[in-house]
Every structure is written in C-alpha cells, then in structure tokens.
Amino acid sequence: MPPSATGPAVDTHAHVFRQGLALADTRRHTPDYDATLDQYLALLDTHGLTHGVLVQPSFLGTDNSHLVQALRAQPDRLRGVAVVDPTIADEALQALAAAGVVGIRLNLIGLPLPDVAAPAWRHLLDRVNALGWHVEIHVQAARLADIMPALLQAGCRLVVDHFGRPDPALGVADPGFAYLLRQADSARVWVKLAAAYRNWPAPACAASGREATQQLLRAYTPARLMWGSDWPHTEHRHLASYPAATQWLDAWIDDPAQRRAVLADTPLQLFQFQGDPR
C-alpha cells in the first residue's frame with residue numbers, strides 16, 4: 001500500500017541539481033548527470049508521497065539559487081534546507097525563509113568542525129532560532145559529541161542525518177551511535193532514517209537498518225524520527241534506488257501508527273508544512 005493511502009507522507013531528504021551549475025571549490029563529488037525537480041516530483045507521485053524536503057547538495061556550496069527556484073515552483077509541496085555562510089545578511093536569510101527554507105545544514109563529512117561558539121556562528125544560530133528553523137548535521141557518529149553540545153547550548157533544534165552515520169565496521173555498537181541515543185533526552189533532536197547504504201553494505205540495509213531503527217524508536221519515539229529517500233543517492237546510485245528506499249522503510253518499521261508518525265505527523269510539523277512550530 002502506498003504511504004499516502006491513509007493521508008500525507010513526506011520524503012525528508014532529497015536533492016535536485018543539474019549539470020552546469022556553479023560548483024563549490026571544495027567538494028567530494030561532481031555529478032555527471034541531472035536530478036531534476038520534475039523527476040523528483042514524479043517519484044513522489046509514483047510512490048504515494050505527498051510532500052518532499054530538498055536539501056542543498058554539498059557540491060553546490062552556499063549558492064542556494066537552484067534550491068530556491070525549485071521551492072518556489074512547488075510552495076505547498078516542498079520545503080528546503082539551505083547551506084549558508086555564517087556571515088549571511090539578514091535580508092538573504094529572510095529571502096530563503098520566504099522561499100520555503102526551514103533549516104540550515106552543516107555537512108561536515110571530510111571537513112573540520114566549525115567553532116559554533118565563535119561570535120559569527122552564534123549570531124547566525126541566534127537568527128536561525130528566531131526564524132523557527134532547525135540545524136541539520138551530517139557528520140560521522142564518532143564526531144557527534146564534538147558538535148552537538150554547543151549547538152544544543154545555543155538553543156538549536158537539531159536534525160541528525162542518516163542514522164547518525166555510525167562506523168560501517170561497528171554499526172549500532174559504535175560509541176557515537178550510543179551517544180546519539182542518549183541525546184533523545186534533550187527533546188530537541190530529531191534523526192533521519194535515510195541513506196542506510198552510507199552506513200552498511202547494501203545487502204545489509206534492511207536488517208542493519210532495522211536494528212538501528214528499533215533502537216532509535218525506543219530512545220526517540222516516532223515523534224523524533226523521520227524517513228528520507230536520499231534521492232538521487234549521488235555516489236551510491238549503484239547501491240540504491242527510490243523503490244529500494246521505500247522497501248527498506250517497510251523492513252524497518254512494522255507498526256502502522258509508528259510509520260504514520262515517521263512519514264507524516266513528525267515531518268509535517270518540523271518542516272513547517274503545518275505552520276511555524278515555534
């Protein structure tokens with residue numbers, strides 16, 4: 001049964017881009033294909049998903065113009081997560097908010113951790129909080145304890161990408177994953193059940209992802225968990241597909257009420273499809 005058969009359903013993690021866009025000087029990946037908005041919307045329709053969240057790809061840096069264009073094309077159906085420089089002007093932040101951006105992303109894979117206690121970062125985080133946005137973190141589980149406390153102390157609501165990125169060799173035994181489980185007590189952290197193939201070999205995505213999901217459900221409850229496709233799977237296109245991503249969710253969560261919360265109730269509120277959550 002498609003996810004939206006009983007109501008709305010949200011894919012909380014996808015990217016759109018095309019060849020020829022200006023690329024960031026520092027990047028891990030340079031795509032040689034297009035991932036268009038029309039393609040993404042067709043996938044949502046095919047798989048019974050009513051809403052989507054577009055995340056600025058790291059290889060586009062802080063130029064969010066393509067993201068904004070996509071959000072403006074589907075203002076009721078899409079929300080966005082941008083990548084910004086801490087010195088961004090107030091007017092530019094307001095323009096992003098007007099386009100449907102509801103958070104900023106810190107993609108720290110392969111990069112040093114920023115000093116989020118520095119004045120420029122604190123000023124940015126204060127403005128992010130005032131807008132009712134969240135801060136999305138993409139970093140290895142072993143480094144979560146080095147970045148999360150300062151962000152929580154700054155009053156931010158945090159979204160942790162991709163199961164918290166446990167070490168593939170350790171899985172749920174990664175001490176960083178155990179640290180992530182303990183942060184549920186803050187009531188200001190959400191976790192995306194997405195991109196299992198970035199943590200475990202593709203054949204293990206169903207079983208290993210289920211084990212991680214069940215531990216996250218016990219710690220966070222469905223009110224702090226969300227699902228994302230991670231389309232178009234960038235460097236992992238040979239390991240994943242949109243149908244596989246939806247099938248993995250089926251393997252991870254059996255209970256219909258939990259699935260409804262993860263697919264609809266939680267993301268509809270956090271990503272402000274149902275108004276400002278402040």
Side-chain angles (χ1 to χ4, degrees), residues 1-21 23 29-60 63-83 96 99-103 105 136 138 159 161-162 192-198 202 205-206 209 226-253 259-260 262-268 270-274:
M1 181 178 294
S4 66
T6 57
V10 186
D11 174 1
T12 69
H13 200 100
H15 312 284
V16 294
F17 51 84
R18 58 176 172 78
Q19 296 178 82
L21 295 173
L23 299 175
H29 176 63
T30 302
D32 58 358
Y33 58 93
D34 297 337
T36 69
L37 177 60
D38 286 345
Q39 289 173 320
Y40 180 59
L41 295 175
L43 286 168
L44 292 182
D45 291 341
T46 298
H47 294 278
L49 292 144
T50 55
H51 299 79
V53 178
L54 300 178
V55 178
Q56 172 77 345
S58 60
F59 50 79
L60 295 183
D63 181 356
N64 297 283
S65 56
H66 192 69
L67 171 70
V68 165
Q69 183 181 12
L71 297 178
R72 287 175 173 164
Q74 293 284 328
D76 295 327
R77 195 172 192 186
L78 299 177
R79 293 292 183 269
V81 177
V83 174
L96 290 173
V101 168
V102 293
R105 191 188 198 204
E136 183 172 315
H138 185 205
V159 173
D161 273 349
H162 307 337
K192 287 186 180 181
L193 309 176
Y197 44 83
R198 298 183 187 272
C205 283
M226 302 171 291
W227 172 83
S229 67
D230 196 36
W231 185 82
H233 322 294
T234 55
E235 305 103 308
H236 299 80
R237 297 173 75 204
H238 62 295
L239 299 175
S241 65
Y242 212 100
T246 61
Q247 290 161 11
W248 287 328
L249 177 63
D250 291 338
W252 298 338
I253 302 178
R259 285 173 55 85
R260 184 167 59 251
V262 168
L263 278 170
D265 302 341
T266 300
L268 285 172
L270 180 69
F271 292 100
Q272 302 183 28
F273 288 105
Q274 296 181 333

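Not measured: the values here are computed from a predicted model.
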Spell out, as yes or no, whether a donor-acceptor pair under 3.5 Å connects the side chain of H15 to the backbone of V55. yes
How far apart are the closest heavy atoms of D34 and Q39, and which atoms are they? O-OE1, 3.4 Å
Any side-chain heavy-atom pair of H13 and H138 under 4.5 Å: no
Please enumerate all residues that pass ring pair (Phe, Tyr, Trp, His ring centres under 6.0 Å) together with W252, with sequence neighbours excluded. F163
Look up atom CG in D11 and atom OH in Y40, then write down how far apart they are to the nearest 0.5 Å. 3.5 Å
I'd like to check the side chain to side chain contact (heavy atoms under 4.5 Å, CB included) partners of A82; sequence neighbours left out, ordered by chain and number. N64, L67, V84, L96, V101
Heavy-atom pair of closest approach, residues A264 and P267: O-CD, 3.3 Å
How close do L268 and P8 get, heavy atom to heavy atom, and via which atoms? CD1-CG, 3.7 Å
Considering residues at least two apart in sequence or located in another chain, which fulfil the salt bridge (Lys or Arg N to Asp or Glu O under 4.0 Å) criterion with D45? R77
Can you find a side-chain donor-acceptor pair between D63 and S65 that sits under 3.5 Å? yes
Value for CG (L43) from OG1 (T246), rounded to nearest 0.5 Å, stands at 10.0 Å
Hey, what do you get for NE2 (H162) to CZ (R198), rounding to the nearest 0.5 Å? 5.0 Å
To the nearest 0.5 angstrom, please state how far the CD atom of Q74 sits from the CG atom of L37. 6.0 Å
For A14 versus S229, what's the shortest heavy-atom pair and its separation? CB-OG, 4.2 Å
What class does the angle between the rings of Y197 and W248 fall in, given that below 30° is parallel, 30 to 60° is tilted and above 60° is perpendicular? tilted
The salt bridge (Lys or Arg N to Asp or Glu O under 4.0 Å) partners of D250 (sequence neighbours excluded) come to R259
Considering all heavy atoms, the nearest D76-F273 contact: O-CD2, 3.9 Å
Quick one: does T266's side chain get under 4.5 Å of W227's, heavy atoms only? no
Would you check, one step at a time, whether the test side chain to side chain contact (heavy atoms under 4.5 Å, CB included) holds for V53 with M226? CA-CA 11 Å; V53 178; M226 302 171 291; over 6 Å; no
Using the side chain to side chain contact (heavy atoms under 4.5 Å, CB included) criterion, which residues pair with Q69? Sequence neighbours excluded. H66
Minimum heavy-atom separation for Y242 and H233, please, with both atom names. N-NE2, 3.6 Å
Nearest-0.5 Å distance that lies between atom CZ in F271 and atom CG in L78: 12.0 Å
In the structure I gave you, are the side-chain heavy atoms of D161 and R105 within less than 4.5 Å of one another anywhere? yes
Any donor-acceptor N/O pair, T46 side chain to A42 backbone, under 3.5 Å: yes
Working to the nearest 0.5 angstrom, can you tell me the gap between T12 OG1 and H51 NE2? 13.5 Å
Going by the rule salt bridge (Lys or Arg N to Asp or Glu O under 4.0 Å), which residues pair with R18 if we only count those two or more places apart in sequence or in a different chain? none
